[in-house]
There are 2 protein chains.
Amino acid sequence: MSHQSKLELGPLPQMLGYALRRAQIAVFEDFGASFKPLNLRPALFSVLTLIKHNPGCKQSDAAEALGIMQPNFVALMDELERRDLARRTPAKGDRRSHALELTEDGVALLHSARDSIVHHEARVTTSLTPAEAALLYELLARVERSLGSLDSE
Amino acid sequence: MSHQSKLELGPLPQMLGYALRRAQIAVFEDFGASFKPLNLRPALFSVLTLIKHNPGCKQSDAAEALGIMQPNFVALMDELERRDLARRTPAKGDRRSHALELTEDGVALLHSARDSIVHHEARVTTSLTPAEAALLYELLARVERSLGSLDSE
DNA sequence: TATTGTTATACTCTATAACTATA
DNA sequence: TATAGTTATAGAGTATAACAATA
């Protein structure tokens, strides 16, 4: 039994960065629990999903699309290759460049993750109506686009 | 001039964790730029603000209120004490416990940060109407409360 | 000269286990 | 036995500088 002091948060809940951080920690925790059986972190999942929808894309374009810096993207691709979920193949026309593809295992893993994704999304939006959830996605995308840390250029 | 391949993100923008991460990175980047002159990171700012609104609070209660684990809170308080922005004082009645207070410098720093906070919040919500911004805070808080990673219990 | 991918590195945040001193 | 604070440690995300190979 804790004393549960219920401290005063002051203006913090009205600061967007604070509200985002709190929500993101909670959502990622649910994601982690949901995808632990598949050993997939959010970053790995996002890379697999991006490659699935853009087979043959350049590594640098993939990193930029996800807002991940190139040096940090290398380790993610290394792990996906080591686990035989994706591979780097030589790109036609530019011998510096790598074309990214899913392996059969990668395709299968994403397919087997479909139910988990649906259930995860349902859980994290359980307190929202469908309309509110749609609005939340849209507002977040608008905030991000208006600031545009990376990819906006 | 990059090729700007504009890759397909697939279902990612409709996943709450992804949308939150993208928005949070952008908002924290603006925060960092805005508070670099004061050498304040989001975590340090949140601790100072919490102490301001709860002078004399216990260290463990402060950590719990912010969703920061106790061991990680120690280094934050160490830095605030080293910079003479806050201090740990002996709590009355329990010699294990620390009561947290702002120093004069801490009060002054938060005061001098007020304009930066207002401008930062205005920038990160520049693409939202006031009603949309208020709704966004509320939806984020609801998501976080319904999952409740730490402090909920 | 510029770009692609890489290595090395550093800092921050998050997480767990184990310790101390008190209670 | 339990709690408050601490230490040590580890993992993951994020960031910059510099390099090799190629354009």
Side-chain angles (χ1 to χ4, degrees), chain A residues 1-5 17-18 20-22 24-29 31-33 35-36 39-47 57-64 66-79 81 87-100 149-150 153, chain B residues 1-5 17-18 20-22 24-29 31-33 35-36 39-47 57-64 66-79 81 87-100 149-151:
Chain A
M1 306 296 166
S2 56
H3 268 199
Q4 219 16 25
S5 301
Y18 179 82
L20 286 170
R21 168 183 167 265
R22 297 299 299 255
Q24 200 210 336
I25 291 174
V27 170
F28 271 33
E29 181 170 308
F31 185 99
F35 288 87
K36 182 156 54 181
N39 198 17
L40 272 191
R41 287 164 283 142
L44 291 178
F45 172 80
S46 70
V47 174
C57 67
K58 275 174 46 181
Q59 182 167 314
S60 50
D61 286 342
E64 185 191 0
L66 291 175
I68 299 173
M69 308 206 78
Q70 273 203 37
N72 300 327
F73 197 87
V74 173
L76 294 173
M77 273 308 301
D78 286 349
E79 179 172 351
E81 275 201 319
R87 60 174 156 254
R88 295 179 252 226
T89 67
K92 61 276 157 236
D94 189 337
R95 295 200 313 192
R96 294 170 304 183
S97 186
H98 292 161
L100 307 185
S149 52
L150 259 173
E153 182 252 354
Chain B
M1 304 295 168
S2 56
H3 268 203
Q4 215 24 19
S5 302
Y18 179 82
L20 286 170
R21 168 182 167 263
R22 296 299 300 254
Q24 200 209 338
I25 291 174
V27 169
F28 270 34
E29 181 170 307
F31 186 99
F35 288 85
K36 183 155 56 181
N39 198 16
L40 271 190
R41 287 165 283 141
L44 290 178
F45 173 79
S46 70
V47 175
C57 67
K58 275 173 48 179
Q59 182 167 313
S60 48
D61 286 342
E64 184 191 1
L66 292 175
I68 299 172
M69 308 205 77
Q70 272 201 40
N72 300 326
F73 198 87
V74 173
L76 293 173
M77 273 309 299
D78 286 349
E79 178 173 351
E81 275 199 320
R87 62 174 156 254
R88 295 179 249 226
T89 67
K92 62 276 156 230
D94 188 336
R95 294 198 313 188
R96 295 171 302 181
S97 184
H98 292 162
L100 307 185
S149 53
L150 258 173
D151 35 75

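Just so it is clear, the model here is predicted, and its values are computed rather than measured. Numbered from 1 within each chain, the chains take letters A, B, ... in sequence-line order.
Contact check, B:Arg88 against D:dT6: a side-chain N or O comes under 4.0 Å of OP1 or OP2.
Taking atom CZ of A:Phe31 as the reference point, atom P of D:dG13 lies 11 Å away to the nearest angstrom. The separation between B:Gln59 atom CD and C:dT22 atom C1' is 15 Å, rounded to whole Å. Rounded to a whole Å, the CD1 atom of A:Ile25 is 7 Å from the P atom of C:dA15. Atoms NE2 (A:His98) and P (D:dA23) sit 12 Å apart, rounded to a whole Å. C:dA10 atom C1' lies 13 Å from atom CZ of B:Arg41, rounded to whole Å. If you take CE of B:Met69 and C1' of C:dA17, they are 11 Å apart, rounded to a whole angstrom. Distance A:Glu29 CD to D:dG11 C1': 16 Å, rounded to the nearest Å. Taking atom CG of B:Leu76 as the reference point, atom C1' of D:dG5 lies 14 Å away to the nearest angstrom.
You'll find that the side chain of B:Gln70 is closest to D:dG5, out of D:dG5, C:dT16, C:dT6. Looking at the side chain of B:Ser97, the nearest of the listed nucleotides D:dG13, D:dG5, D:dA15 is D:dG5. The side chain of A:Asn72 sits closest to D:dA15 out of C:dT7, D:dA15, D:dT6. Counting only heavy atoms from C-beta on, B:Arg96 has its side chain closest to C:dA21 among D:dA8, D:dT14, C:dA21. You'll find that the side chain of B:Lys58 is closest to D:dA4, out of D:dG13, D:dA4, C:dT14.
B:Asp78 contributes atom CG, which lies 4.5 Å from atom CZ of B:Arg88 (distance to the nearest 0.5 angstrom).
Of the two residues near DNA chain D, A:Pro42 and A:Asp94, the one whose nearest nucleotide lies more 5' is A:Pro42. Mapped onto DNA chain C by nearest heavy atom, A:Val74 and A:Arg21 fall at different nucleotides, with A:Val74 at the one closer to the 5' end.
Contact annotation: the side chain of A:Val74 never approaches that of A:Gln70 to less than 4.5 Å [non-hydrogen atoms, C-beta and beyond]. Residues A:Val47 and A:Phe73 have side chains in contact (heavy-atom distance under 4.5 Å, counting atoms from C-beta outward). Inter-residue side-chain proximity for A:Phe35 and A:Leu44 is flagged as unmet; no heavy-atom pair is nearer than 4.5 Å.
Taking 3.5 Å as the limit, the base of D:dT22 and the side chain of A:Arg95 contain no donor-acceptor pair of atoms between them.
Residue contacts shown for A:Ala43 are limited to sugar-phosphate atoms, with no base heavy atom under 4.0 Å away.
Counting all heavy atoms, side chain and backbone alike, B:Leu100 lies closest to B:Ala62 at CD1-CB, 4.0 Å.
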